[in-house]
Amino acid sequence: MSPSVAIGEATGWLIAGLIPITVSLPYLLRGRLLAAGGWTVPYLERMRPHYWIGVTIAGLSFIHAGFAMSGRLPAGAGYAAGLWVATGGMLLAGGQAYIGMKMRTLRGAERLRLRKTHFRVMLGLVAAGVIHVVLNGAVVRSLVGS
């Protein structure tokens, strides 16, 4: 396995591991389950790990795309479709990070509206990730023998 392919695989797995963590953090931190300062630290300050992981996922998705596509790509319509889904997911990840940063400065009804958008985009990202892994993932490809 070439270093480019290894980096592509590693970044893909890292993204796959970070997504459930960052999705669950707002719910865990809202209830102060993971808040080191407990009730004394404001919610938006407790959300810092969520912010950092979200921006990291967006950056890693660009790195993953560059390295994963630098080698020989398997032929097939399914594989090509998976790449298009992944491209859309990469662009969504950048937009999601922007929405998240924008939410940090808003309050009230405007923040609530944007939070609903943030949640819907997250659902789209998770769906794109699952579709991409099914269509392009090395583990899935090896299991089905293609």
Side-chain angles (χ1 to χ4, degrees), residues 1 4-36 41-146:
M1 179 183 302
S4 293
V5 172
I7 293 171
E9 289 286 326
T11 54
W13 281 108
L14 187 55
I15 291 166
L18 287 173
I19 286 174
I21 293 169
T22 198
V23 167
S24 62
L25 275 175
Y27 303 102
L28 296 172
L29 293 171
R30 185 176 295 130
R32 292 169 176 78
L33 292 176
L34 298 179
V41 179
Y43 177 64
L44 293 180
E45 280 187 45
R46 292 192 311 264
M47 289 287 289
R48 280 191 181 148
H50 176 76
Y51 306 147
W52 280 107
I53 294 171
V55 171
T56 300
I57 289 170
L60 280 173
S61 68
F62 285 99
I63 294 168
H64 173 66
F67 281 101
M69 294 182 64
S70 66
R72 186 180 160 281
L73 300 176
Y79 199 85
L83 292 179
W84 281 109
V85 169
T87 301
M90 178 181 66
L91 296 174
L92 272 178
Q96 182 75 322
Y98 174 78
I99 291 169
M101 286 187 276
K102 182 77 174 159
M103 283 176 51
R104 293 174 68 179
T105 62
L106 298 175
R107 299 293 179 268
E110 195 174 357
R111 185 182 191 314
L112 181 60
R113 181 188 57 77
L114 201 56
R115 192 172 80 189
K116 289 178 182 179
T117 300
H118 195 59
F119 182 82
R120 289 180 187 119
V121 173
M122 177 270 301
L123 292 176
L125 277 168
V126 169
V130 168
I131 293 167
H132 172 59
V133 167
V134 168
L135 293 175
N136 301 114
V139 172
V140 175
R141 281 195 327 270
S142 68
L143 290 174
V144 297
S146 52

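Nearest heavy-atom pair, N136 versus L83, reported as atom, atom and distance to 0.1 Å: OD1-N, 3.4 Å. Of all heavy-atom pairs spanning A93 and A58, the tightest one is O-CB, 3.6 Å. Residue H132 comes nearest to A86 through the heavy atom pair ND1-CB, 3.3 Å, listed as atom of the first residue, atom of the second, then distance. Residue H50 comes nearest to L25 through the heavy atom pair N-CD1, 3.8 Å, listed as atom of the first residue, atom of the second, then distance. Contact record, A65 with M90: CB-SD, 3.8 Å, taken as the closest heavy-atom pair. What you find for V85 and A128 is that their closest heavy atoms are CG1-O, 3.5 Å.
The closest side-chain heavy-atom distance from K102 to I99 is not below 4.5 Å. The shortest side-chain heavy-atom distance between L44 and Y51 falls under the 4.5 Å cut-off. You'll find the side chain of T56 reaches within 4.5 Å of the side chain of L60, heavy atoms only.
Under a cut-off of 6.0 angstrom, the local environment of OH in Y79 is crowded, with over 12 non-hydrogen atoms contributed by other residues, nucleotides or ligands.
Q96 CD to M101 CE: the interatomic distance, rounded to the nearest 0.5 Å, is 10.5 Å. With values rounded to the nearest 0.5 angstrom, T11 atom OG1 is found 8.0 Å from I7 atom CD1. In this structure, CG in L123 is found 11.5 Å from CG in L92, a value given to the nearest 0.5 Å. S61 contributes atom OG, which lies 11.5 Å from atom CG of L18 (distance to the nearest 0.5 angstrom). Interatomic distance, CZ of R104 versus CG of L114, reported as 13.5 Å (0.5 Å rounding). In this structure, OG1 on T117 lies 10.0 Å from CG on L112, to the nearest 0.5 angstrom.
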